[in-house]
Peer 1: 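My questions will all concern the structure given below.
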Amino acid sequence: MNSLSNYCMRRYQNSLENIRKFITATEKYSAEVHLLIGLLLASLITALFKLIAVAGGVPHVFEYGFVLLILLAGFIHGPLIGALAGLIVGVMLSPGADTSVNPATSGDDYLWVVRVVVLTLLGFGVGSLKRLLLQLHEALHSAERRMSGTNLPNLTAAVEHIDKLMKVSDRVPEKYLNLVNLRLENIDKLRQELGRKATDEFLTMLAKKFQKRLGSDAYVTQTASNELTGIHASESADAFKQMQKDIDEMLLEPVAVQGKERKLQAAAGLYGVSKTAQRSTPAEQLIQELTATTQRAVDSHQTSVAVNDSQAHDADDIGAFSVKRQLQEALANHEFVLRYQPRLNTVDGYFASLEVIPLWEHPRRGTIALSEAMPILEEASMVQYFSLWLARKALDDAKRWFKKGYKFRISLNISLTDKLDSRVLAFILQEVRTHAVARGFLSLEVSEVALVAADKKCMDYLTLIQHQGLSIIVSDFGEGKATIQTLFRMPVDAVKFTEELVKKASHHSDKKRELYSIIKMVRAKGLTTVASGIHNRETLLMLKQLGVDELQGPVLSKALPKEEIPWARIR
């Protein structure tokens, strides 16, 4: 039923569009062409009247059939030609023209003058009405494709322009399609300082500057309240590199706002579209990929990020790019979601923290755990980008909860591939220094393998982060990469045992004594002990008896959506 209604709606919209194109096409004629058509039409009407006169005339009622000619003339050619057609018909129906045409017009019929006036006004009125409707339609069509305030072309206009360029590029294979998205990060601050009107004027000025950088043949649109998107088609394969150079220079230039120069706080995403993608990818999807590229620049604190699909020639490159594009689309479409699994404090019986569990809600494959998605992330070299996205999303949630007065601690894994990334650590350190919400409310989990292999730069970042009030948890302890004495010399606040170590302790008394010995040493150093992956009550009771501080697993609580977090039980 939905398919049928969608089909009918598309047919209806296509019909309206065809009518609009036909009407618009008639407006493209020059005045000389319209005059020529009017004269030909007058000659046709005259000849028609003469033929009718020779045939002996027509009944009086049929004279109103000539009104149709007047309506068509006015509708197709406008008010002047419509008025001319009405005048000709009125005169030809007058007694002085040819009384044989209509006997009713002879004698004392003095109303023919009124008839001439009425028919002339009818032609003029229909033409004027048609022109008014066309202007209203064009105004509505334009308003739907303009951004309020700046009057710049909007997202709909951008999609239509890309569609148009891709159709052209099918006929001209040399054409390359290059897209660039400019996102202003301080737009809200500007609106507060300058006001909405002045900010709109600033965006309009910036769009002109953007246009100048891209070239006169580029198309600049405003796809969001804080985003400008440039669309450029070029026959040169080097145009993408030149565009990247121009945009990087533009982002470094100060801009004048109400007479005061400011640094442009913006990030740019550049996207070169291959011929294959142009023929197989909808324009809306290209815009989404461009937006995801810009988000990558924002998340990684880079001025710009460029992805050039046009230069992906061999099958491996194309395959890798396809995977990367799929992941970028998934992030842009909010397919990756965060779940939070509570962790129990064995002393007071309340949940002490929430561990961040990312999931991929794939539209076809269903829910995918991060462990299953990691090979895809690694294949597309998206681990750093995803780690930054994960940290930003978790911190955004923490800030909102903090404002509501909730007491909690978030535990975030930052070594997704058993490697530490200095950029991810730098981002977290900056967030901690900027927002007090993170201090005391955030724990970073680093795998034992990643901690042992960390370079000096990463270790320095971890130390600085720890000094800012965050706790560092070494996770997966028990894999044999480090001894407990080694951990004591590192910036560590808690030790999280592997599920395998806990499982062995629950089945073998010797392993249980070994675990108890480790727990005693860890607690003696003032560190917290954590155990996860607890699936049954027996293991839960054993770990509480051994003195583990925090416990986590399905037996206590599954990973929950934000809406289902039991805040009353978290302290």
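Predicted model, so just to flag it, every value in this text is computed and none were measured.
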Peer 1: Donor-acceptor pair, distance only, cut-off 3.5 Å: does the side chain of N226 make one with the backbone of L184?
Peer 2: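 Pair found, side chain donor or acceptor close to backbone of L184.
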Peer 1: Taking atom NE2 of H232 and atom CG of D246, what is their separation to the nearest 0.5 Å?
Peer 2: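 That separation rounds to 10.0 Å.
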Peer 1: Can R196 and E201 be counted as an ion pair, charged N to O under 4.0 angstrom?
Peer 2: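 Salt bridge absent between R196 and E201.
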Peer 1: Can a donor-acceptor pair be found between the side chains of S447 and D418 at a distance below 3.5 Å?
Peer 2: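 Yes, because at least one side-chain N or O of S447 sits under 3.5 Å from a partner of the opposite role on D418.
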Peer 1: With side chains defined as the heavy atoms from C-beta onward, is the minimum distance between F386 and L416 less than 4.5 Å?
Peer 2: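 SC-SC contact between F386 and L416 confirmed.
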Peer 1: Working to the nearest 0.5 Å, report the span between CG of L152 and OG1 of T229.
Peer 2: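 Reported value, rounded in 0.5 Å steps: 11.0 Å.
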Peer 1: Checking H535 against E499: is there a side-chain donor and acceptor pair closer than 3.5 Å?
Peer 2: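 There is such a pair (donor and acceptor under 3.5 Å, judged by atom type) between the side chains of E499 and H535.
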Peer 1: Looking at L429, is its backbone amide N or carbonyl O close enough to the side chain of Q468 to form a donor-acceptor pair, meaning the two atoms are under 3.5 Å apart?
Peer 2: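 No.
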Peer 1: Would you say the side-chain atoms of Q466 pair up with the backbone N or O of I472, donor to acceptor, closer than 3.5 Å?
Peer 2: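 No: the side chain of Q466 does not pair with the backbone of I472.
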Peer 1: Is R392 close to D396 at the side-chain level, that is, under 4.5 Å between some pair of heavy atoms?
Peer 2: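 SC-SC contact between D396 and R392 confirmed.
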Peer 1: Taking salt bridge (charged side-chain N to carboxylate O under 4.0 Å, His left out) as the test, write out the residues that go with R569, two or more places apart.
Peer 2: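 R569 satisfies salt bridge (charged side-chain N to carboxylate O under 4.0 Å, His left out) with no other residue.
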Peer 1: Output, in order, the C-alpha distance, side-chain angles, deciding distance and verdict of salt bridge (charged side-chain N to carboxylate O under 4.0 Å, His left out) for E445 and R343.
Peer 2: CA-CA 14 Å; E445 292 194 14; R343 188 176 291 166; 2.8 Å; yes
Peer 1: Would you tell me whether T150 and T204 have side-chain atoms, one donor and one acceptor, within less than 3.5 Å of each other?
Peer 2: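 No, no side-chain donor-acceptor contact under 3.5 Å.
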Peer 1: Taking all non-hydrogen atoms of both residues into account, name the closest pair between I518 and F477 and its distance.
Peer 2: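 Looks like CG2-CE2, 4.0 Å.
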Peer 1: Would you indicate whether the side-chain heavy atoms of T463 and H467 approach each other to under 4.5 Å?
Peer 2: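 Side-chain contact under 4.5 Å: yes.
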Peer 1: Before giving the answer on side-chain contact (heavy atoms from CB on, under 4.5 Å), spell out for L359 and R339 the whole-Å C-alpha distance, their side-chain angles and the decisive distance to 0.1 Å.
Peer 2: CA-CA 7 Å; L359 298 173; R339 296 288 184 264; 3.6 Å; yes
Peer 1: Answer with yes or no whether the side chains of E227 and Q222 bring together a donor and an acceptor at under 3.5 Å.
Peer 2: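 Their side chains do not contain a donor-acceptor pair, so the 3.5 Å distance test is not met.
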Peer 1: Using the rule side chain to side chain contact (heavy atoms under 4.5 Å, CB included), only one of L543, I473, T528 pairs with E550; which is it?
Peer 2: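 When L543, I473, T528 are each tested with E550, the side chain to side chain contact (heavy atoms under 4.5 Å, CB included) holds only for T528.
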Peer 1: Quick one: are W360 and L370 in side-chain contact, heavy atoms under 4.5 Å?
Peer 2: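 A side-chain contact is absent here, since even the closest heavy-atom pair is not under 4.5 Å.
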Peer 1: Passes side-chain contact (heavy atoms from CB on, under 4.5 Å), L182 versus M250? Steps please.
Peer 2: CA-CA 11 Å; L182 188 68; M250 176 183 168; 3.9 Å; yes
Peer 1: Taking side chain to side chain contact (heavy atoms under 4.5 Å, CB included) as the criterion, tell me which of T291, D163, V159, L179 meets it with L286.
Peer 2: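 Testing L286 for a side chain to side chain contact (heavy atoms under 4.5 Å, CB included) against T291, D163, V159, L179 leaves exactly one candidate, L179.
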Peer 1: Quick check on K209: does its NZ atom have over 12 non-hydrogen neighbours (other residues, nucleotides or ligands) under 6.0 Å away?
Peer 2: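 Buried by this count: over 12 neighbours within 6.0 Å.
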Peer 1: How about CZ on F488, more than 12 heavy atoms from neighbouring residues, nucleotides or ligands closer than 6.0 Å, or not?
Peer 2: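 Yes, CZ of F488 has more than 12 neighbouring heavy atoms, counting only those of other groups under 6.0 Å.
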Peer 1: Do V356 and N413 come close enough that some side-chain heavy atom pair is under 4.5 Å?
Peer 2: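 They are not in side-chain contact.
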Peer 1: Looking at residues at least two apart in the chain, or sitting in another chain, which of them share a salt bridge (charged side-chain N to carboxylate O under 4.0 Å, His left out) with E500?
Peer 2: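 By the salt bridge (charged side-chain N to carboxylate O under 4.0 Å, His left out) rule, E500 matches no residue at all.
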Peer 1: Locate the shortest heavy-atom distance separating I357 from A559; write the atom from each residue and the value.
Peer 2: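 Nearest heavy atoms, I357 then A559: CG1-CB, 4.1 Å.
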Peer 1: Going by heavy atoms in the side chains, are V180 and Y271 under 4.5 Å from each other?
Peer 2: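 No, their side chains stay 4.5 Å or more apart.
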Peer 1: Regarding E355 and K496, does a basic nitrogen lie under 4.0 Å from an acidic carboxylate oxygen?
Peer 2: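 Looking at E355 and K496, the cut-off is met.
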Peer 1: Whether the T539 and N536 side chains hold a donor-acceptor pair (N or O, under 3.5 Å, no angle test) is what I'd like checked.
Peer 2: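 The criterion, which ignores hydrogens and geometry beyond distance, is satisfied for N536 and T539.
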Peer 1: Just wondering, do L425 and D421 contact through their side chains at under 4.5 Å, heavy atoms?
Peer 2: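 Contact flag for D421/L425 side chains = no.
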Peer 1: Mind listing the closest non-hydrogen atom pair of L388 and V424 along with its distance?
Peer 2: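 In this case the closest contact between L388 and V424 is CD2-CA, 3.9 Å.
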Peer 1: Determine, stepwise, if the pair D460 / K456 fulfils salt bridge (charged side-chain N to carboxylate O under 4.0 Å, His left out).
Peer 2: CA-CA 6 Å; D460 290 342; K456 185 180 183 303; 2.9 Å; yes
Peer 1: Check A266 against E185 and note the closest heavy-atom contact, atom names and distance.
Peer 2: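 Residues A266 and E185, closest heavy atoms: C-OE2, 3.8 Å.
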Peer 1: Between CG of L390 and CD1 of I414, what distance do you get to the nearest 0.5 Å?
Peer 2: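 Between atom CG of L390 and atom CD1 of I414 there are 10.5 Å.
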Peer 1: State the CG-CD1 distance between L214 and I231, to the nearest 0.5 angstrom.
Peer 2: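 Reported to 0.5 Å precision, the distance equals 10.0 Å.
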Peer 1: Is there a side-chain contact (heavy atoms from CB on, under 4.5 Å) between Y461 and L420 once you walk through the steps?
Peer 2: CA-CA 10 Å; Y461 271 125; L420 282 174; over 6 Å; no
Peer 1: Does D476 reach the side chain of T498, with side-chain heavy atoms less than 4.5 Å apart?
Peer 2: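 Side-chain contact under 4.5 Å: yes.
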Peer 1: If I compare all heavy atoms of Y219 with all of A157, which pair ends up nearest, and what's the gap?
Peer 2: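 Result for this residue pair: OH-CB, 3.6 Å.
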Peer 1: Tell me, with the steps shown, if I428 and L470 meet side-chain contact (heavy atoms from CB on, under 4.5 Å).
Peer 2: CA-CA 10 Å; I428 293 173; L470 276 69; 4.2 Å; yes
Peer 1: Looking at V548, is its backbone amide N or carbonyl O close enough to the side chain of T346 to form a donor-acceptor pair, meaning the two atoms are under 3.5 Å apart?
Peer 2: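 Pair found, side chain donor or acceptor close to backbone of V548.
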Peer 1: We want to know whether R183 and T294 form a side-chain donor-acceptor pair, criterion being a heavy-atom distance below 3.5 angstrom.
Peer 2: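 R183 vs T294: no donor-acceptor pair found between side chains.
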Peer 1: Rounded to the nearest 0.5 Å, how far does CG of N345 lie from CZ of R409?
Peer 2: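 It comes to 8.5 Å.
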Peer 1: For this output row, return yes or no: ring centroids of W401 and Y340 closer than 6.0 angstrom.
Peer 2: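 Ring-ring flag for W401/Y340: true, centres closer than 6.0 Å.
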Peer 1: Enter the distance from S471:OG to L442:CG here, rounded to the nearest 0.5 Å.
Peer 2: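 The CG atom of L442 is 7.5 Å from OG of S471, to the nearest 0.5 Å.
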Peer 1: Which heavy atom of Q211 sits nearest a heavy atom of A218, and at what distance?
Peer 2: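 Where Q211 meets A218 most closely, the heavy atoms are NE2-O, 2.8 Å.
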Peer 1: Distance alone, cut at 3.5 Å: any donor-acceptor contact between the side chains of D549 and T529?
Peer 2: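 A pair is found: one side chain offers a donor N or O, the other an acceptor, under 3.5 Å apart.
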Peer 1: Are any of the side-chain nitrogens in D397 or K562 under 4.0 Å away from the carboxylate oxygens of its partner?
Peer 2: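 Salt bridge between D397 and K562, a charged N being under 4.0 Å from a carboxylate O: yes.
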